[in-house]
Amino acid sequence: MNKKKIFNDPVYGFITVPSELLFDIIDHPYFQRLRRIKQLGLTEMVYPGALHTRFHHALGAMHLMNTALQTLKSKNNEISDSEFEASLIAILLHDIGHGPFSHALETAIFKEVHHEHLSLHIMHMLNEEFNGRLSLAIDIFTDNYERRFFHQLVSSQLDVDRLDYLNRDSFYTGVYEGKIGADRIIKMLDVANDKLVVEEKAIYSIENFLVSRRLMYWQVYLHKTVISAENMVLRAVQRARELLQQGIDVPSSPCLKFFLSSDLTMQDFVQDPTILERFVSLDDHDIWSGIKQWASHSDSILSYLSKCILNRKLFKVIISSKPIDEEMMLGISELVQERFKISEEDVKYLMIAGKISNNAYQVEGQSIDVLTKSGYVINAADASDLPNIQALSNKVEKYFVCYPREVAQ
């Protein structure tokens with residue numbers, strides 16, 4: 001069988017799968033599951049075109065990694081065939097541990113199991129299946145390989161993961177302010193002192209990248225309607241979990257019911273291989289199927305949330321740069337209790353408060369390093385002749401509360 005396949009990607013054109021091992025990983029059921037998990041969760045409630053999946057993103061990131069490695073090789077950085085392939089595997093599998101609706105439900109389906117831990121666990125399982133051929137990829141993914149710049153390409157402030165999701169999410173949402181010059185940034189990459197650096201002449205592309213990232217967070221990822229929709233689904237799943245653990249039947253797929261009925265830890269995944277098999281059959285369809293059934297459930301809170309989600313009757317959202325006034329919160333709580341005839345304890349399902357934050361660049365720690373024309377490596381914030389990058393490092397926090405529109409009428 002010819003395994004040197006080509007995918008036609010709407011963002012980059014033709015994407016080539018450069019090795020048989022990569023093709024076999026893409027063809028694996030664990031990876032094919034990513035076709036059934038949307039990249040942006042419920043963002044389609046705001047941007048109807050945002051229907052792309054984690055599968056799209058993983059292939060796009062692999063393509064950019066391929067281009068980046070070719071660029072580094074062309075600048076006399078020695079990269080072996082095994083390092084090349086391992087880096088492609090590491091980025092291809094970096095999101096394989098995502099559950100339904102990606103980030104939105106990460107804390108609802110599991111208690112303390114993060115997708116990064118699941119990704120690593122799945123990589124170890126695949127490594128056994130492929131007779132240890134993923135070992136170097138795992139070392140790169142976990143930053144345990146001595147040549148650190150490979151890990152920086154997978155996970156840093158200027159990794160190919162970010163370069164792809166900003167490009168891709170901008171394309172599918174139609175928010176063109178988020179489009180970045182990924183090609184130029186990649187062509188300007190180099191390695192100095194075993195660190196990933198970008199040539200000084202690309203500083204304006206870096207500024208554009210950081211500004212675009214900040215805009216995408218406010219305009220797409222943290223859009224107030226997206227916050228409302230995702231928190232409503234989060235509360236619906238949490239309510240279903242609470243009812244199930246109280247012994248009340250909540251119709252759902254066997255795998256979803258298993259996870260909602262249990263409080264599993266990462267240790268449980270390690271000790272019982274059947275748990276992973278249940279997880280890798282879980283996707284967005286399980287949640288939507290559940291919500292459709294829950295709309296007619298006898299529990300008034302679960303059915304109300306489910307109907308609202310299905311019909312896009314989303315909660316009203318108030319966002320403030322300061323913590324929401326306590327008297328206002330108390331007033332909303334009392335109105336919700338009165339309108340829906342629920343207890344004070346159950347208000348948390350219909351009045352949702354929280355905090356969001358956005359900082360496009362971290363000056364400390366994993367900075368973006370710039371290689372100057374004179375051969376020095378400096379922080380991108382110091383390389384710019386404008387205060388933009390320094391300003392983008394400031395963390396902006398906002399507070400929100402969302403609640404049923406009926407309460408506001």
Side-chain angles (χ1 to χ4, degrees), residues 1-5 7 15-37 39 53-66 69 80-100 102-103 106 109-110 113-145 147 150-151 153-155 159-161 164-165 255 258-259 264-284 286:
M1 179 181 177
N2 175 24
K3 296 184 178 181
K4 295 290 181 72
K5 296 291 183 181
F7 291 91
I15 292 176
T16 304
V17 180
S19 78
E20 291 194 2
L21 177 58
L22 281 157
F23 176 85
D24 288 337
I25 291 169
I26 292 169
D27 204 37
H28 195 282
Y30 290 0
F31 191 83
Q32 289 293 315
R33 180 185 70 95
L34 298 182
R35 291 181 183 272
R36 304 188 299 277
I37 296 179
Q39 172 78 3
T53 64
R54 291 274 159 190
F55 184 87
H56 291 125
H57 166 55
L59 289 180
M62 180 192 74
H63 169 73
L64 293 185
M65 176 67 86
N66 194 335
L69 293 172
S80 69
D81 290 346
S82 59
E83 289 171 330
F84 200 107
E85 184 178 65
S87 300
L88 295 178
I89 293 170
I91 196 64
L92 189 68
L93 296 177
H94 77 285
D95 273 347
I96 201 165
H98 265 297
S102 296
H103 295 283
E106 196 160 359
I109 294 176
F110 310 110
V113 181
H114 300 290
H115 77 270
E116 292 95 342
H117 299 151
L118 276 173
S119 291
L120 182 58
H121 182 58
I122 291 172
M123 288 171 77
H124 281 297
M125 295 299 101
L126 287 171
N127 196 32
E128 287 183 24
E129 199 171 322
F130 286 100
N131 301 314
R133 295 171 70 192
L134 275 64
S135 296
L136 181 54
I138 291 170
D139 285 343
I140 288 171
F141 182 79
T142 55
D143 200 13
N144 286 321
Y145 187 54
R147 304 186 73 190
F150 287 111
H151 175 76
L153 285 168
V154 175
S155 179
D159 55 39
V160 294
D161 173 28
D164 179 76
Y165 78 62
C255 286
F258 170 79
F259 285 109
L264 299 169
T265 65
M266 199 62 231
Q267 192 61 35
D268 294 315
F269 276 87
V270 174
Q271 292 174 348
D272 184 355
T274 64
I275 295 176
L276 180 64
E277 290 307 312
R278 289 176 187 266
F279 171 75
V280 293
S281 68
L282 200 62
D283 54 49
D284 289 4
D286 293 88

- Message: Taking the side chain as everything from C-beta on, heavy atoms only, tell me whether D164 gets closer than 4.5 Å to V160.
- Response: no

- How about S155 and D161: does a side-chain donor come under 3.5 Å of a side-chain acceptor? no

- If you measure from CD on E277 to CZ on F269, what distance do you get to the nearest 0.5 Å? 11.0 Å

- Does some side-chain heavy atom of N66 sit less than 4.5 Å from a side-chain heavy atom of T16? no

- Query: Do I26 and Q32 have side-chain heavy atoms sitting under 4.5 Å apart?
  - Reply: yes

Side-chain donor/acceptor pairs under 3.5 Å, residues 137-144, sequence neighbours excluded:
{"unit_1": "T142", "atom_1": "OG1", "unit_2": "I138", "atom_2": "O", "d": "2.8"}
{"unit_1": "T142", "atom_1": "OG1", "unit_2": "D139", "atom_2": "O", "d": "3.4"}
{"unit_1": "T142", "atom_1": "OG1", "unit_2": "N144", "atom_2": "ND2", "d": "3.0"}
{"unit_1": "D143", "atom_1": "OD1", "unit_2": "R148", "atom_2": "NE", "d": "2.8"}
{"unit_1": "D143", "atom_1": "OD2", "unit_2": "R148", "atom_2": "NE", "d": "3.4"}
{"unit_1": "D143", "atom_1": "OD2", "unit_2": "R148", "atom_2": "NH2", "d": "2.8"}

- N127 side chain vs R133 backbone, donor-acceptor pair below 3.5 Å: yes

- Could you tell me which residues satisfy side chain to side chain donor-acceptor pair (under 3.5 Å) with D286, sequence neighbours excluded, listed by chain and number? S253

- What are the two closest heavy atoms between L92 and A58, and how far apart are they? O-CB, 3.6 Å

- Message: Taking T53's backbone N and O only, do any of them form a donor-acceptor pair with R35's side chain (distance below 3.5 Å, no angle check)?
- Response: no

- Message: Has H121 got a side-chain atom pairing as donor or acceptor with L118's backbone, closer than 3.5 angstrom?
- Response: no

- Task: Begin from the C-alpha positions of L282 and I109 and carry the test side-chain contact (heavy atoms from CB on, under 4.5 Å) through to its verdict.
- Result: CA-CA 10 Å; L282 200 62; I109 294 176; 4.2 Å; yes

- Query: For D284, which residues count as a side chain to side chain donor-acceptor pair (under 3.5 Å) partner, sequence neighbours excluded?
  - Reply: none

- Minimum side-chain heavy-atom gap E83-Y145 below 4.5 Å: yes

- Message: Would the distance check show the side chain of R54 and the main-chain N or O of R33 forming a donor-acceptor pair, the cut-off being under 3.5 Å?
- Response: no

- Task: Taking the side chain as every heavy atom from C-beta outward, state whether L153 and L69 have any atom pair closer than 4.5 Å.
- Result: yes

- Message: Tell me whether the rings of H28 and F130 are parallel (<30°), tilted (30 to 60°) or perpendicular (>60°).
- Response: tilted

- Is there a side-chain contact between D95 and I37 (heavy atoms, below 4.5 Å)? no

- Task: Working to the nearest 0.5 Å, report the span between CG of L22 and CG of L88.
- Result: 5.5 Å

- NE2 of H56 to CD1 of I15: how many Å apart, nearest 0.5 Å? 9.5 Å

- To the nearest 0.5 angstrom, please state how far the CG atom of D159 sits from the NE2 atom of H151. 8.5 Å

- Message: What's the separation between atom CG in L136 and atom CZ in F84, rounded to the nearest 0.5 Å?
- Response: 13.5 Å

- Query: Rounded to the nearest 0.5 Å, how far does CE of M62 lie from OG of S87?
  - Reply: 12.5 Å

- Compare all side-chain heavy atoms of I122 with those of L93 and state whether any distance is below 4.5 angstrom. no

